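Note that the coordinates shown come from a computational prediction; the quantities given were computed from them, not determined experimentally.
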Amino acid sequence: MATSSQVEVVVIGAGIVGLATGLELTSRFPGASVAVVEKESVVGSHQTNHNSGVIHSGIYYKPGSLKAKLCVEGADALLRFCEEYAIPYDLCGKVIVATDESELPQLDELFRRGKGNGLTGLQMLTAEGIRELEPHASGIRGIRVPSTGIVNYGKVAEKYAELIVARGGALCLSHAVTGLKRSGGNTIVETTQGAIEASLVINCAGLQSDHVSRMAKVDLDLMIVPFRGEYYELTPDKSHFVRGLLYPVPDPQFPFLGVHFTRRIEGGVEAGPNAVLAFKREGYSKSSFDLKDVLEYATFPGFWKMAAKHWQMSVGEYHRSWSKAAFVRALQRLMPELTSDDLVPGGSGIRAQALSVDGRLIDDFHFAYTPGMVHVCNVPSPAATASLAIGKYIVDTVVNRVEASWLH
């Protein structure tokens with residue numbers, strides 16, 4: 001992209017959501033000039049390529065919520081996309097296991113939500129039924145979710161990017177956005193490789209989305225707080241312990257799913273993650289630290305309200321982060337015969353989680369709008385699953401809100 005270029009749309013961020021949005025634009029409006037700008041040198045560098053690869057079914061989300069709607073629609077669209085472009089996936093199914101009587105009401109609630117969201121094939125399991133599907137698992141009751149699967153989202157994102165370029169869009173890598181200015185009804189996107197002027201700007205910057213929003217003077221009552229998820233992997237001789245996906249009943253007060261077992265499409269089984277506050281937005285190791293990032297959320301009023309509410313759970317997550325024995329004990333609730341020797345260190349990922357000024361970890365997808373701009377402020381998991389549906393939702397919103405000749 002040449003310096004001082006002009007296009008009709010700039011999408012900021014070449015993660016899977018930004019690319020899905022660019023794909024929807026180039027598909028729906030052939031001939032429209034679309035540029036996807038990305039600060040990294042490759043697409044999908046952060047959340048897209050640092051997740052567990054699960055195709056979520058939608059069982060966890062409240063019926064009627066935007067997250068539930070877009071997850072179910074997006075999973076269906078994703079499977080069709082993978083079929084069309086020969087991207088490997090596996091609908092291996094999931095078993096959600098209750099290991100204690102206290103978890104049964106939440107297990108029943110998940111079953112109701114799944115039914116409410118239109119999932120088919122859900123099956124309540126007895127302890128014996130769990131063992132039939134996952135012979136090494138232990139639980140008192142469970143749910144079989146056959147529509148859950150696995151895929152490599154990095155491969156999906158690469159195909160999105162390839163199609164954007166094939167349809168006439170531009171992919172501007174190594175273009176870090178440094179400022180946004182309104183000028184004569186357009187927005188000038190200032191980057192490290194020059195300025196790009198656009199009629200419409202869509203902010204899909206993920207971990208940096210609130211920073212980009214504030215460049216546009218959005219009055220946000222939230223900020224992105226990074227949570228690092230750390231994984232172990234089962235040793236190859238124990239990967240047969242898990243046939244599909246094996247999950248606990250999640251704590252409804254916390255927007256994470258608890259440590260679980262996930263088969264990978266490339267082979268092997270991940271165990272985890274925990275969920276610890278990261279001391280750097282893009283910090284994938286325990287030693288990652290950025291003083292500016294830490295001071296930013298430490299001075300945000302909602303941070304201390306969240307900390308006061310969830311400190312006990314946070315202590316447990318940090319303990320598991322530093323103690324393999326504690327991590328193993330958490331996994332043994334689902335699989336008692338597992339030992340420390342069966343696990344080796346795996347990868348990690350960062351989740352961009354929006355935190356409100358009143359201390360709530362925002363659960364649903366959240367968008368904000370300013371003149372000539374759409375800001376995707378909170379699209380945590382299942383954003384990868386829902387990416388095509390999110391892209392469609394964003395473009396539908398733009399069509400309804402923006403009067404521009406190229407839209408019609």
Side-chain angles (χ1 to χ4, degrees), residues 1-27 29 31-51 53 81 85 87 151-181 186-213 215-216 224 226 280-284 288 290 347 349-350 352 373-376 379 383-384 387-388 390-391 394-395:
M1 178 63 65
T3 302
S4 301
S5 300
Q6 186 161 358
V7 296
E8 284 155 335
V9 190
V10 164
V11 179
I12 300 173
I16 198 165
V17 171
L19 291 169
T21 303
L23 182 62
E24 179 70 17
L25 286 162
T26 55
S27 175
F29 305 109
S33 54
V34 177
V36 180
V37 302
E38 167 59 46
K39 69 184 179 68
E40 306 294 354
S41 60
V42 295
V43 303
S45 294
H46 294 292
Q47 294 181 97
T48 301
N49 264 306
H50 288 86
N51 65 44
F81 184 89
Y85 294 102
I87 297 173
V151 72
N152 184 325
Y153 283 114
K155 298 295 185 186
V156 174
E158 288 171 6
K159 179 56 69 172
Y160 289 176
E162 179 186 318
L163 292 172
I164 289 169
V165 174
R167 293 171 182 175
L171 188 60
C172 306
L173 301 175
S174 302
H175 281 59
V177 174
T178 58
L180 297 167
K181 294 182 180 178
N186 288 343
T187 300
I188 297 172
V189 182
E190 297 173 338
T191 84
T192 51
Q193 302 291 331
I196 307 172
E197 186 173 348
S199 302
L200 172 69
V201 175
I202 303 175
N203 165 17
C204 297
L207 283 158
Q208 309 295 339
S209 59
D210 57 339
H211 288 166
V212 173
S213 295
M215 291 178 188
I224 297 297
K280 183 179 181 180
R281 287 205 184 205
E282 295 166 3
Y284 296 99
S288 298
D290 185 290
I350 298 287
M373 292 194 70
V374 179
H375 304 272
V376 183
V379 284
S387 57
L388 291 170
I390 294 171
I394 291 169
V395 176

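Between Tyr284 and His46, the ring-plane angle classifies as parallel under the 30° and 60° cut-offs.
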Which atom pairs, one a donor and one an acceptor, fall under 3.5 Å between side chains of residues 161-174 and the rest of the protein, sequence neighbours left out?
unit_1	atom_1	unit_2	atom_2	d
Glu162	OE1	Lys159	NZ	3.4
Glu162	OE2	Lys159	NZ	3.0

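Interatomic distance, Ser45 OG to Lys39 NZ, rounded to the nearest 0.5 Å: 7.5 Å. To the nearest 0.5 Å, atoms NZ (Lys280) and OG (Ser288) are separated by 5.5 Å. Between Met215 atom CE and Asp210 atom CG the span is 10.0 Å, to the nearest 0.5 Å. Here the CZ-CG distance, from Phe81 to Leu388, works out to 6.5 Å after rounding to the nearest 0.5 Å.
Looking at Asn49, its side chain does come within 3.5 Å of a backbone N or O of Gly44 through a donor-acceptor pair. A side-chain donor-acceptor contact under 3.5 Å links Asn203 to the backbone of Ser209. With hydrogens and angles ignored, the 3.5 Å screen pairs a side-chain donor or acceptor of Glu38 with a backbone N or O of Glu40. The backbone N or O of Leu23 sits nowhere less than 3.5 Å from a side-chain atom of Ser27 that would complete a donor-acceptor pair.
Between Ile16 and Val156, some side-chain heavy-atom pair lies under the 4.5 Å cut-off. No side-chain heavy atom of Val17 sits less than 4.5 Å from a side-chain heavy atom of Gln47. Residues Glu190 and Leu180 fail the side-chain proximity criterion, which asks for heavy atoms closer than 4.5 Å. Looking at Val201 and Val189, their side chains come closer than 4.5 Å, going by heavy atoms from C-beta outward. In this structure, the side chains of Ile12 and Ile202 stay at 4.5 Å or more apart for every pair of heavy atoms. Tyr160 places none of its side-chain heavy atoms less than 4.5 Å from the side chain of Thr21. Val43 is listed as a side-chain neighbour of Leu19, based on a closest heavy-atom distance under 4.5 Å. No side-chain heavy atom of Val34 sits less than 4.5 Å from a side-chain heavy atom of Glu8.
Summarising the geometry of Ile350 relative to Gly283, their closest heavy-atom pair is CD1-O, 3.1 Å, with the distance given to 0.1 Å. Thr48 and Ala157 make their closest contact through CG2-CB, 3.8 Å (heavy atoms, listed as atom of the first residue, atom of the second, distance). When all heavy atoms of Cys204 and Gly18 are compared, the pair lying nearest together is CB-CA, 3.6 Å.
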Test log, rule side-chain contact (heavy atoms from CB on, under 4.5 Å), inputs Leu200 and Thr187: CA-CA 7 Å; Leu200 172 69; Thr187 300; over 6 Å; no
Ile196/Ile188 under side-chain contact (heavy atoms from CB on, under 4.5 Å): CA gap, chis, key distance, verdict: CA-CA 6 Å; Ile196 307 172; Ile188 297 172; over 6 Å; no
Intermediate values then yes/no, side-chain contact (heavy atoms from CB on, under 4.5 Å), Glu24 and Ile394: CA-CA 9 Å; Glu24 179 70 17; Ile394 291 169; over 6 Å; no
Val11/Val37 under side-chain contact (heavy atoms from CB on, under 4.5 Å): CA gap, chis, key distance, verdict: CA-CA 6 Å; Val11 179; Val37 302; over 6 Å; no
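In the displayed structure, Lys155 atom NZ is contacted under 6.0 Å by at most 12 heavy atoms of other residues, nucleotides or ligands.
For the side chain to side chain donor-acceptor pair (under 3.5 Å) test, residues two or more places apart in sequence or in another chain that qualify with Gln208 are His211, Glu282.
With no hydrogens or angles considered, no side-chain donor-acceptor pair links Tyr153 and His50 at under 3.5 Å.
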